[in-house]
There are 4 protein chains.
Amino acid sequence: MSGSGVRPGRRRSEESRQAILGAAFDLLGEVGYARLTVEGIAARAGTGKQTVYRWWPGKADVLLEAVTAYAREHIPLPETADRAADLRTFLTATFAAATPRTTDALRALMAEAQIDPAFGERFRETLLHPRREALGAVVDRAREAGLLAPHLTTDTAVDLAFGALWYRLLATGRPLDDELAELLTRTLLR
Amino acid sequence: MSGSGVRPGRRRSEESRQAILGAAFDLLGEVGYARLTVEGIAARAGTGKQTVYRWWPGKADVLLEAVTAYAREHIPLPETADRAADLRTFLTATFAAATPRTTDALRALMAEAQIDPAFGERFRETLLHPRREALGAVVDRAREAGLLAPHLTTDTAVDLAFGALWYRLLATGRPLDDELAELLTRTLLR
Amino acid sequence: MSGSGVRPGRRRSEESRQAILGAAFDLLGEVGYARLTVEGIAARAGTGKQTVYRWWPGKADVLLEAVTAYAREHIPLPETADRAADLRTFLTATFAAATPRTTDALRALMAEAQIDPAFGERFRETLLHPRREALGAVVDRAREAGLLAPHLTTDTAVDLAFGALWYRLLATGRPLDDELAELLTRTLLR
Amino acid sequence: MSGSGVRPGRRRSEESRQAILGAAFDLLGEVGYARLTVEGIAARAGTGKQTVYRWWPGKADVLLEAVTAYAREHIPLPETADRAADLRTFLTATFAAATPRTTDALRALMAEAQIDPAFGERFRETLLHPRREALGAVVDRAREAGLLAPHLTTDTAVDLAFGALWYRLLATGRPLDDELAELLTRTLLR
DNA sequence: ACCTAACCGAGACGGTACGTCCTGTCTTCCG
DNA sequence: CGGAAGACAGGACGTACCGTCTCGGTTAGGT
C-alpha cells in the first residue's frame with residue numbers, strides 16, 4: 001500500500017512554516033536585519049532552530065520566501081489595449097507594493113545577495129528575474145506598438161526603470177510615487 | 001594663531017594606517033566581504049586589533065576610506081564648452097573606475113549600508129552625496145544650455161544615471177561600458 | 001512522582017567534562033596559573049570556549065572541581081580506638097595528598113580566592129570548610145578523651161594545624177612531611 | 001674616576017613616587033586587587049604609565065613597597081628582660097598592624113606571589129624573610145632562657161605563629177586579636 | 001649660556017585574553 | 001519520524017590591559 005508519494009512519518013507542519021515566516025518578518029521590523037538571528041526567529045515562532053534549518057538555508061531565505069509570496073499576490077500584469085498605460089500601471093503597482101515593511105525586507109535581501117553569492121543566485125532567480133520578465137513583457141508589447149524610445153533595447157529600458165527603483169530604495173530614500181512612474185513612462189516611451 | 005592643536009603623546013602611525021587600508025582591500029578580493037574580519041585585517045596588516053578599532057568603527061569604514069581615496073584620485077570633473085560631451089565623459093570616467101576590485105568594495109559597502117543604518121549615514125555622506133553633487137553639477141550645466149530633456153529635474157536625471165549604474169553593479173552584473181554611458185547621455189539630454 | 005526532572009534536549013557531555021578537567025590540570029603543570037587561560041583549556045580539551053563557560057564561571061572553578069574530586073577520593077577519615085593516632089594519621093594522609101601537581105593547584109586556588117571574592121566564597125564552601133569539618137571531628141574525639149591541650153578550642157587547634165600546612169605551601173616551601181605531622185600532634189594534644 | 005653615582009639629568013620625582021604609592025593603596029581599597037590596573041594607578045596619581053613601569057615591575061611591586069614601608073614603621077622588636085612577654089608583645093603588635101587596608105594588601109600580595117613566581121621571590125625576600133627573622137630572634141631569646149616548648153625548633157615555632165596568622169588572613173577571616181596572641185604564646189612556650 | 005642626559009605626562013602601538021553571541025550540527029525525548 | 005529543546009565545536013566580536021615606544025617638554029649637572 002502506502003501508495004503514491006505518501007511517505008511515512010509526520011508531515012511538515014504548515015503551522016510552523018507560517019509561524020517562522022511571520023516571526024522573521026515581524027522581527028525584521030522590530031530589530032532590523034543586523035540583529036535578526038535564526039535563534040531569535042525560532043524562539044519567536046515557538047519552534048526549534050533545527051526546524052528553520054531543515055527547510056531554509058538561513059535567515060535570508062526565510063525572508064525571501066515571505067517577500068516573494070507577497071509580490072506574487074499584490075502585483076498584477078496589466079494587458080490592455082493602451083500599451084503606454086499598461087507600463088504606467090505596472091510601475092505604479094510595483095511602487096505601491098513597496099510598503100515600509102516590504103522595503104525593509106527588500107533592502108536586506110539585496111544586501112545579503114551582495115555578501116553571500118550563493119544566496120545572491122537564489123535571490124536573482126526567485127525574485128529579480130521574474131520581475132524583470134514581467135516588466136520586459138510590458139515593454140515588449142509597447143515596442144511592438146512602436147511606442148518605445150528608439151535608442152532603447154528592452155533590457156536597457158528595464159535597467160533604467162528598476163535602476164531608479166532600487167537606487168531610491170537603497171541609496172536616497174526618495175519616494176517611489178506616481179510622479180516617478182509617470183516620469184519613467186515618458187522617458188522610456190516617446 | 002589659534003594654535004594649541006599640538007597634543008602630547010605618540011603620533012598616529014601613517015604606516016599602520018596604510019597597511020590596514022591595503023590589507024582590507026586585499027583580503028576583500030581574496031576571501032569576500034562575508035569572511036573579511038577585523039581580526040584578519042589586523043593580522044595581515046601586522047597591527048593590533050585595537051589599532052583598527054581606534055580609528056575606524058569597523059571593517060566597512062576601513063573599506064569606505066580606501067574606496068573614497070580611490071574615487072577622489074581617479075574621477076575628474078570635466079568642464080569644457082561641449083556640455084553634452086562633458087556628461088558623456090563624466091559617465092565614462094565613472095564607469096571606468098569600476099574595476100573588479102573597486103566593484104567588490106562598492107557592493108559590500110552598499111550592502112553594509114542597508115544592514116547598519118549608522119554606517120549607511122556615513123556611506124551616503126562620504127561617498128554617495130559627493131558623487132551626486134559632481135554629476136549634478138554636470139547635469140546643471142547641460143540644463144543651462146537647454147540640453148536637458150524637459151521633463152527631467154536635475155535630481156531625477158541623477159537618479160536615472162546612478163540608478164542604472166548601481167542596478168547593474170548589484171543586480172544583473174551587466175557591464176558598465178561606453179555603450180551604457182552613450183545611452184544614458186542620449187536618454188537624459190534629448 | 002519523581003517529577004518532571006526529565007528535560008528534552010541533548011545531555012551534557014561527560015566526555016567533554018572530563019577532557020576539560022584534565023586539560024586544566026595538565027596545563028597548570030605545564031605553563032603555570034598565570035598563563036593558564038580558558039581559551040587554552042578549551043583548545044587542549046578539544047571543546048569550544050562556550051562549553052567551559054556554560055558549566056563553570058572561569059578557570060579557577062574548573063581547577064576547584066578537579067581538586068575536590070581528588071581530595072574526596074584520597075583523604076580518609078580515620079576513626080579507631082587510639083584517638084591520638086587518628087589525629088596523626090589524618091595529618092599524615094592530608095600531607096601525603098599534597099603532591100607537586102595538587103600543590104600547584106591549591107596555591108593557585110588560594111590565590112584566586114584572594115583576588116576574586118565570589119570565587120573565594122565558593123572555594124571556602126567547597127574545599128576549605130569540608131576539610132575543617134573533617135579535622136574538627138578528629139580533634140573533637142580527642143578532646144572527649146581528654147587528650148586535647150587544655151588551652152585550645154577545636155577551632156583554634158584546627159587553625160594551628162591548617163595554618164602550618166598552608167603557610168608552608170604558600171610561603172616557605174618547607175616540606176609537608178611526617179615530622180610536621182608528629183610535631184603538630186604533640187603540640188595539639190598533650 | 002669621576003664622581004660616584006652622580007649623574008646628570010632630571011631627578012626622580014619624589015612627588016610622583018608618593019602619588020603612585022598612595023593611588024595604588026587607595027584604589028586597592030576601592031575596587032579590589034582584581035580590578036586594580038597600572039593604568040588606573042597612573043591615572044589616579046596623575047602620572048604617565050611609563051613612570052610606574054620605570055620604577056616598579058608591576059602593580060604588585062607598588063603595593064609591596066607601600067606595605068613594607070608601613071611594616072617598617074609600625075612593628076617594633078621588643079627586647080626586655082621578660083622574654084615570654086616579649087613574644088606576646090611582638091605578636092600583639094604584629095596583629096595590630098593588620099588593619100583592614102593593610103590586610104587587603106597583604107592578601108593580594110600573597111596571591112600574586114603564588115601566581116607570579118618572580119614576584120614571589122621578591123615578596124619573600126622583602127617582606128616574609130625579614131618578618132621571620134624578627135620573630136625568630138624573639139623566639140631564640142626565649143629558648144636561651146629555657147622557655148621554649150622542648151619539641152619545637154625556632155623555625156617550626158615561627159611556622160606555627162605565622163601559619164595561624166596567614167591562615168586566618170587568607171582562609172577564615174577569624175580575627176587577629178590579643179586572644180590569639182596569648183594562645184600562641186602559651187602554645188609555643190610551655 | 002649651551003649641551004647632554006634623564007626624567008616627566010600623554011597617548012598610540014602590537015599583543016593577548018576576556019566573556020558574549022551566533023552559526024550550523026548533533027542528540028534526546030515526546031507525540 | 002517530525003519537532004521542541006538544548007548542548008556541542010567553532011569562530012568573530014568589541015573591550016580591557018599589558019608592557020613598550022614615541023612625542024614635546026622640563027630639570028638638572030657639566031663645560
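The basis for the numbers below is simple: all heavy atoms, side chains too, and nothing from hydrogens, waters or symmetry mates. Per chain, numbering begins at 1; letters A, B, ... match sequence-line order.
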Going 5' to 3' along nucleotides 9-16 of chain E, which nucleotides have protein heavy atoms under 4.0 Å from the base (write B), which only from the sugar-phosphate (write S), and which from neither (write -)?
BBBBBSB-

Is it the case that over 12 heavy atoms from other parts of the model lie below 6.0 angstrom from the CZ atom of Arg35(A)?
no

For Glu15(A), I'd like to know if atom CD has over 12 heavy atoms of other residues, nucleotides or ligands within 6.0 Å.
no

Protein-nucleotide distance ([X], atom [atom1]; [N], atom [atom2]), rounded to Å:
{"X": "Tyr33(C)", "N": "dA17(E)", "atom1": "OH", "atom2": "C1'", "value": "13 Å"}
{"X": "Asp61(B)", "N": "dC13(F)", "atom1": "CG", "atom2": "P", "value": "14 Å"}
{"X": "Arg35(B)", "N": "dT23(E)", "atom1": "CZ", "atom2": "P", "value": "18 Å"}
{"X": "Leu27(D)", "N": "dC17(F)", "atom1": "CG", "atom2": "P", "value": "12 Å"}
{"X": "Trp56(A)", "N": "dT23(E)", "atom1": "CH2", "atom2": "C1'", "value": "18 Å"}
{"X": "Tyr53(A)", "N": "dG6(F)", "atom1": "OH", "atom2": "C1'", "value": "14 Å"}
{"X": "Glu15(A)", "N": "dA4(F)", "atom1": "CD", "atom2": "C1'", "value": "13 Å"}

Given the rule in the salt bridge (Lys or Arg N to Asp or Glu O under 4.0 Å) test, do Arg101(A) and Asp26(A) qualify, once you have shown the distances and angles that lead to the verdict?
CA-CA 9 Å; Arg101(A) 311 205 48 205; Asp26(A) 291 351; 3.3 Å; yes

When rounded to the nearest 0.5 angstrom, what is the spacing between CG in Leu109(B) and CZ in Arg107(B)?
11.5 Å

Which pair of non-hydrogen atoms, one from Leu28(A) and one from Leu36(A), has the smallest distance, and what is that distance?
N-CD1, 4.1 Å

Which heavy-atom pair separates Leu27(C) from Arg44(C) by the least distance, and what is that distance?
CD2-NH2, 3.4 Å

For DNA chain E, report each stem as range with range, ordered by first number, or say none. Use Watson-Crick or G-U wobble pairs under 3.5 Å, at least 3 in a row.
E:1-31 with F:1-31

If only atom types and distance count, is the side chain of [X] paired as donor or acceptor with the main-chain N or O of [Y] below 3.5 Å?
{"X": "Lys59(A)", "Y": "Ile41(A)", "result": "no"}
{"X": "Thr126(B)", "Y": "Phe123(B)", "result": "no"}
{"X": "Thr51(A)", "Y": "Thr47(A)", "result": "no"}
{"X": "Gln114(D)", "Y": "Met110(D)", "result": "yes"}

Interface residues of residues 105-127 of chain D with DNA chain E (non-hydrogen, below 4.0 angstrom)
none

Tell me, please, whether Trp55(B) has Arg17(B) positioned over its six-membered ring: NZ or CZ under 6.0 Å from the ring centre and within 45 degrees of its axis?
no

